[in-house]
Amino acid sequence: MTRLFTRVGLSQAYLERYQDFGQFLDDYKDKEREGMPRTLPPFVYMLLHSFSHQLIHSLADASGLDRDGIGEYIFPADLAFTIFRKGMTPDP
């Protein structure tokens, strides 16, 4: 098994290759060029984003809140995300 696939090796590879996407993910969403290269950090971002949206959909279904009334912050360098209820929605 290569070092990349060990727990320490994967974490180290992620942190070594991580490049900040910027506050509004301009580098990540840039469609003029070919976007971010297919390296580990963009894939991890997409995984966090997918998990976040799955949790948003589940929370909306369970609570009765509108999906548009739930926001998200993604922290790719920390391998974390948070979801929150937006304050100005007509939900009960």
Side-chain angles (χ1 to χ4, degrees):
M1 185 177 286
T2 65
R3 182 171 164 80
L4 179 62
F5 295 109
T6 64
R7 178 178 292 193
V8 173
L10 183 60
S11 302
Q12 183 177 357
Y14 176 74
L15 291 173
E16 286 174 353
R17 290 174 177 86
Y18 181 78
Q19 293 178 342
D20 190 15
F21 298 132
Q23 183 176 1
F24 300 105
L25 303 178
D26 292 332
D27 290 340
Y28 188 78
K29 298 188 293 189
D30 187 5
K31 295 190 186 332
E32 294 297 319
R33 60 189 184 111
E34 295 180 20
M36 294 296 287
R38 292 179 179 254
T39 59
L40 186 59
F43 283 125
V44 169
Y45 174 82
M46 288 303 298
L47 183 62
L48 287 171
H49 187 69
S50 297
F51 282 153
S52 173
H53 276 256
Q54 182 62 43
L55 193 55
I56 286 171
H57 285 259
S58 297
L59 180 63
D61 291 343
S63 69
L65 291 172
D66 185 52
R67 288 181 186 140
D68 294 332
I70 303 172
E72 68 181 330
Y73 286 119
I74 299 176
F75 306 97
D78 298 320
L79 301 176
F81 63 88
T82 185
I83 60 172
F84 59 93
R85 180 172 184 252
K86 296 178 184 176
M88 301 300 290
T89 62
D91 297 323

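Being a predicted model, the structure only gives us computed values, none of them experimental. Along the sequence shown, residues carry numbers from 1.
- Within the 4.5 Å cutoff, side-chain heavy atoms of Ser52 are placed close to those of Ile83.
- When each of Leu65, Ile70, Leu59 is checked for a side-chain contact (heavy atoms from CB on, under 4.5 Å) with Arg85, only Leu65 meets the rule.
- Annotation: side-chain hydrogen bond (donor to acceptor under 3.5 Å, both in side chains) contacts of His53 (sequence neighbours excluded): His49, Glu72.
- Closest heavy-atom contact between Arg67 and Asp61: NH2-OD1, 3.3 Å.
- Leu48 contributes atom CG, which lies 6.5 Å from atom CD1 of Ile74 (distance to the nearest 0.5 angstrom).
- Using modelled atom types, one side-chain atom of Ser58 and one backbone atom of Gln54 make a donor-acceptor pair closer than 3.5 Å.
- Legend: residues meeting ring-ring contact (aromatic ring centres under 6.0 Å, His included) with Phe84, ordered by chain and number and at least two apart, are Tyr73.
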